[in-house]
Amino acid sequence: MTLSMPSLQATSAGLFRSAGAAACRAEGIAPIQVNHLDVFYRDLHALEDVSVAVKPGKLTGIVGPNGAGKSTLMKAMLGLIPAAQGEVSWGQTSLLAQRERLAYLPQRAQIDWRYPATAWDVVMMGRVRKAGWLRKFSATSKRAAEAALKRVGMEDFAHRPIGQLSGGQQQRIFLARALAQEADVLFLDEPLTGVDKRTEAVLFDILHELADEGKIVLAVHHDLGPTIKNFDEVILLNREVVASGVRDEVLQSEFMQQAYGGWATNWAAAAA
Amino acid sequence: MINLLIEPLQFEFMQRSLIVAILVGLICAVVGSYLLVQRLALLGDAISHSVLPGLAIAYWAGINLFVGAFLSGMLGTTIIAWIRTKSPIKEDAAMGIVLSTFFAAGVTLITLIQKDNKIDLNHFLFGNILGVTWGDVRDTAIIAIIVILVVRLLYKELLFYTFDPEGAQVAGLPVNALNFGLMSLISLTVVASLKAVGVVLVLALLITPGATAYLLVNRLNRVMALGAGIGILSSISGMYLSYWVNVPSGPAIALVAAGFFTLAFLFSPQYGLLTQPRSAVR
């Protein structure tokens with residue numbers, strides 16, 4: 001099933017992207033390399049021999065049907081779920097050895113939105129590692145948090161309890177947290193769930209900016225509608241990698257049919 | 001009226017137990033806030049019941065009761081985590097099993113040794129203000145200082161961890177160590193509270209003041225501060241109630257705390273049953 005992968009990977013090495021400047025600035029950061037990853041949930045083989053690269057300077061989406069293991073792949077890469085086999089490397093060492101460079105936006109459902117915290121509290125969580133143990137937040141940290149709130153258009157909501165914000169506002173606060181963290185790798189698990197159009201626009205604007213700065217941006221994406229156009233690269237998953245590489249190449253009907261079965265053909269045509 | 005408050009203070013035992021009550025009301029609300037926001041209130045109950053066998057064994061062996069109870073509480077927490085990770089049993093069932101088993105073991109052990117040792121099972125279960133010694137005051141004060149210090153020093157890390165454990169893990173915080181630290185704090189707090197409220201009703205001081213504050217304020221540090229105030233007030237009032245009406249201090253404290261909660265439940269500006277704005281109904 002994955003026979004066609006190498007050719008796709010070759011074509012995706014920057015040739016299709018007109019914005020060559022972004023690729024240049026991306027030099028500093030190595031791609032993340034997933035090698036032969038296997039994940040089991042008790043008896044269920046959730047991910048089978050997944051090998052894929054996530055490139056810097058691109059916005060990459062993980063796409064696939066329900067139960068394909070999209071979130072599982074992300075969580076296994078982040079060490080939140082143990083992998084039975086395989087490894088995730090980044091540059092000279094493993095991804096998890098460089099956690100201070102990682103930021104993660106969990107699925108909305110995983111957060112207790114009635115937790116007694118303000119938007120400011122949440123954004124400052126992005127500075128906890130940088131502040132260091134037993135220390136208070138520095139002026140630099142506060143400035144970073146203020147700048148992050150401003151960038152997502154939420155500077156007027158800093159002192160609101162998170163429970164009083166809309167779904168889109170909550171997601172923007174989490175994005176601000178990731179920005180405040182100044183991470184080089186950003187993972188987002190279904191960031192569009194329950195958000196408004198305005199947030200969607202802000203979110204993709206910022207994700208594109210981050211990619212253009214040469215960072216690694218990977219999102220689990222649920223929707224094959226027009227929003228898929230925002231991604232440069234797609235990893236098409238159905239317990240194993242069906243295809244990966246440049247979006248329009250991956251979303252051709254042949255691969256989509258493999259991943260989704262017959263009904264998805266029209267979707268793919270519409271999206272591509 | 002003043003006399004009602006002053007008279008008991010003539011007695012040294014009452015001075016001692018009031019000091020303990022204030023310290024315990026304070027730290028229970030602070031660490032209990034973490035249980036509350038993580039929706040782990042029952043874990044507080046499980047830990048408090050788990051300390052009983054350790055208490056009995058320490059008494060029998062003649063070692064420091066605080067040490068025995070702490071080790072026993074930590075063992076209970078460890079077994080809960082072990083059952084949850086090594087079997088398909090969920091956390092609530094694991095807590096139920098451990099809670100009842102440790103409690104049963106504790107009651108059995110205390111019943112066996114109480115004839116020879118002039119101790120009373122009821123004192124362990126419901127607290128005993130008369131039994132507070134200056135040694136207990138010292139131990140409680142040491143525990144209170146440790147708890148407050150640790151919460152202050154790890155506040156930002158624990159906030160991140162209890163709000164978004166996966167985000168904290170990804171960012172590189174040592175979440176297992178933080179969780180272990182939190183469980184240790186809760187065990188220590190339970191141990192410090194035994195003389196004042198007893199095993200069965202520690203939960204009242206761990207959860208109720210924090211829950212009351214949760215209805216009134218919107219930030220964790222404020223929940224802790226206001227909860228501590230309510231906890232201290234409940235402890236002191238409960239102690240006086242216990243003195244004048246001659247009921248065990250534990251139930252008296254628990255009932256006062258429940259009274260404060262009821263007031264907040266009915267009249268909280270934001271969430272009160274009778275006072276909340278209609279739009280805020282959720």
Side-chain angles (χ1 to χ4, degrees), chain A residues 42 71 74-75 77-82 95-108 110-137 141 159-164 174 177-178 180-183 185-187 189, chain B residues 32-40 85-88 149-178 181 210-227 268 270-271 276-277 279-280 282:
Chain A
R42 298 201 182 275
S71 293
M74 182 167 277
K75 288 188 170 188
M77 290 172 75
L78 292 169
L80 297 172
I81 295 175
L95 180 66
L96 295 182
Q98 305 169 66
R99 282 177 193 273
E100 69 283 350
R101 298 172 69 190
L102 306 184
Y104 172 55
L105 268 74
Q107 280 186 29
R108 281 180 44 72
Q110 292 202 3
I111 298 297
D112 172 16
W113 295 104
R114 291 191 175 194
Y115 192 103
T118 60
W120 178 257
D121 291 332
V122 175
V123 177
M124 286 308 273
M125 288 173 193
R127 301 297 301 182
V128 166
R129 270 308 294 276
K130 286 226 161 55
W133 294 97
L134 312 184
R135 284 162 190 272
K136 295 205 146 119
F137 291 115
S141 283
H159 300 294
R160 285 279 193 92
I162 45 161
Q164 291 176 15
F174 265 64
R177 182 178 86 177
Q181 214 173 321
E182 294 169 343
V185 175
L186 177 57
F187 280 21
D189 199 346
Chain B
S33 298
Y34 284 119
L35 289 174
L36 184 81
V37 297
Q38 292 186 97
R39 308 186 168 202
L40 286 175
T85 49
K86 300 290 177 197
S87 79
L149 210 61
V150 172
V151 169
R152 266 197 81 103
L153 290 175
L154 298 183
Y155 180 80
K156 65 184 189 308
E157 285 84 4
L158 286 173
L159 180 77
F160 194 177
Y161 166 66
T162 56
F163 174 66
D164 178 9
E166 294 196 327
Q169 187 181 343
V170 169
L173 288 182
V175 288
N176 289 330
L178 286 173
T212 310
Y214 180 82
L215 293 176
L216 299 169
V217 291
N218 284 321
R219 264 180 119 175
L220 184 65
N221 53 358
R222 292 184 193 156
V223 169
M224 286 177 171
L226 184 59
S268 153
Q270 202 183 342
Y271 303 112
Q276 68 183 334
S279 60
R282 297 190 278 184

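The structure displayed is predicted, hence computed values, not measured ones. These numbers come from the heavy atoms of this one structure, side chains and all, not from hydrogens, waters or symmetry mates.
- B:Asn218 is listed as a side-chain neighbour of A:Gln164, based on a closest heavy-atom distance under 4.5 Å.
- Only the side chain of B:Arg152 comes within less than 4.5 Å of a heavy atom of chain A; its backbone N, CA, C and O stay farther away.
- Remark: side-chain polar atoms of B:Arg219 are not paired, donor with acceptor, to backbone N or O of A:Thr118 under 3.5 angstrom.
- Only the side chain of A:Phe137 comes within contact range of chain B, with at least one heavy atom under 4.5 Å from a heavy atom of that chain.
- When each of A:Leu105, A:Leu78, A:Asp112 is scored by its heavy-atom pairs under 4.5 Å with chain B, the top score falls to A:Asp112.
- Between A:Lys75 and B:Glu166 there is a side-chain heavy-atom pair separated by less than 4.5 Å.
- When side chains are defined from C-beta on, B:Leu154 counts as touching A:Trp133, because their heavy atoms get closer than 4.5 Å.
- For chain A, the nearby part of B:Tyr214 is the side chain; its heavy atoms alone come within less than 4.5 Å.
- Taking the side chain as every heavy atom from C-beta outward, A:Tyr115 and B:Thr162 approach each other to under 4.5 Å.
- No part of A:Arg127 comes within reach of chain B, as not one of its non-hydrogen atoms sits under 4.5 angstrom from that chain.
- Contacts with chain B were tallied for A:Pro116, A:Pro106, A:Ala183; A:Pro116 has the most, counting heavy-atom pairs under 4.5 Å.
- In this structure, chain A has a heavy atom under 4.5 Å from the side chain of B:Val223, while its backbone stays farther away.
- No part of A:Gln98 comes within reach of chain B, as not one of its non-hydrogen atoms sits under 4.5 angstrom from that chain.
- Other residues, nucleotides and ligands place no more than 12 heavy atoms under 6.0 Å from the CZ atom of B:Arg222.
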